[in-house]
Amino acid sequence: MIVRQLRDIQKTDRLVKSKGWDSARLLLKSDGMGFSFHITTMYAGEELKMHYQNHLEAVFILKGTGTIEDLGTGETHKLAPGIMYALNKNDQHIVRPDTDLLTACVFNPPVTGQEVHDETGAYPTDVEAPREAAVNS
C-alpha cells in the first residue's frame with residue numbers, strides 16, 4: 001500500500017514547476033502502478049499549448065475556471081469544478097485558465113517525475129527518474 005500526503009510531496013523534487021504550471025507527482029513510474037497521478041495547478045492568464053504524443057491523460061478539475069480548445073476539431077469547452085477531460089487520442093490542445101486551475105491528472109504510461117513539455121508540447125517518453133526524497137512509500 002502506498003500512502004502519501006500532498007504537503008509532503010510538495011517539499012520534494014516530485015514537485016515539478018514550469019512556465020504556467022506546477023505539478024505535485026504523487027505516483028510515478030517507479031511506484032509500479034501502471035499510471036502516474038499528479039495534482040497540477042495551471043496558472044491564471046496563461047495559454048498552455050500541449051500535445052502529449054507519448055501519453056494519454058485524464059484531468060479532473062477540482063477548483064477554478066477556464067477553457068480547453070481541441071486544436072484538431074476547433075471545439076472549445078468550459079472548465080470548472082467537477083468537469084473531467086480525457087486526451088484519449090493524444091489530442092493537441094490549449095488550456096486557458098481564467099483563474100488558477102487546480103486539477104487531478106492521470107498519465108498512461110506513467111511519467112518518471114521530472115518531465116516538462118518539450119517544444120512540441122509533449123512529455124518525452126523516459127526522462128531520468130528523480131532521486132527519491134523523504135517520501136513515505
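Count residues from 1 along the sequence.
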* Does the side chain of Val111 reach to within under 4.5 Å of the side chain of Leu28, using non-hydrogen atoms? -> yes
* Asked: Can you tell if the side chain of His51 reaches within under 4.5 Å of the side chain of Leu71, non-hydrogen atoms only?
  -> no
* List in chain and number order the residues that pass side chain to side chain donor-acceptor pair (under 3.5 Å) with Asp100, two or more places apart in sequence or in another chain; answer none if no residue qualifies. => none
List for me each residue that meets side-chain contact (heavy atoms from CB on, under 4.5 Å) alongside [X], sequence neighbours excluded, and say none if there are none.
{"X": "Thr76", "result": "Thr67, Glu69"}
{"X": "Asp70", "result": "Thr73, Asp91"}
{"X": "Gln5", "result": "Arg7, Asp8"}
{"X": "Val59", "result": "Glu57, Ile61, Tyr85, Thr103, Cys105"}

Can you name the nearest heavy-atom pair linking [X] to [Y], along with the distance?
{"X": "Asp98", "Y": "Ala44", "answer": "O-CB, 3.6 Å"}
{"X": "Pro97", "Y": "Tyr43", "answer": "CG-O, 3.4 Å"}
{"X": "Gly34", "Y": "Pro110", "answer": "O-CD, 3.6 Å"}
{"X": "Gly64", "Y": "Pro81", "answer": "O-CD, 3.2 Å"}

Quick check: is [Y] connected to [X] through a chain of hydrophobic side chains (ILVMFWY, heavy atoms under 4.5 Å apart)?
{"X": "Val106", "Y": "Met33", "result": "yes"}
{"X": "Leu48", "Y": "Val16", "result": "yes"}
{"X": "Met42", "Y": "Ile83", "result": "yes"}
{"X": "Ile9", "Y": "Leu102", "result": "yes"}
{"X": "Ile94", "Y": "Met84", "result": "no"}

* **For Ile39, the option from Leu26, Asp22, Leu15 that meets side chain to side chain contact (heavy atoms under 4.5 Å, CB included)** => Leu26
Look up atom [atom1] in [X] and atom [atom2] in [Y], then write down how far apart they are to the nearest 0.5 Å.
{"X": "Met50", "Y": "Glu47", "atom1": "CE", "atom2": "CD", "value": "10.5 Å"}
{"X": "Phe35", "Y": "Lys29", "atom1": "CZ", "atom2": "NZ", "value": "15.0 Å"}
{"X": "Thr41", "Y": "Leu101", "atom1": "OG1", "atom2": "CG", "value": "8.5 Å"}

* Relative to each other, are the rings of His38 and Phe107 parallel, tilted or perpendicular (30° and 60° limits)? -> parallel
* Between Arg4 and Asp31, is the closest basic N to carboxylate O distance under 4.0 Å? -> yes
* Asked: Is a side-chain donor-acceptor pair under 3.5 Å present for Arg14 with Thr12?
  -> no
* To do: Begin with the C-alpha distance, continue with both residues' side-chain angles, and end with the deciding distance and a verdict on side chain to side chain contact (heavy atoms under 4.5 Å, CB included) for Tyr52 and His93.
  => CA-CA 9 Å; Tyr52 296 116; His93 62 288; 4.1 Å; yes
* Are any side-chain N or O atoms of Asn90 and backbone N or O atoms of His55, one a donor and one an acceptor, separated by less than 3.5 Å? -> yes
* To do: Could I get the full list of salt bridge (Lys or Arg N to Asp or Glu O under 4.0 Å) partners for Lys19, not counting sequence neighbours?
  => Glu46
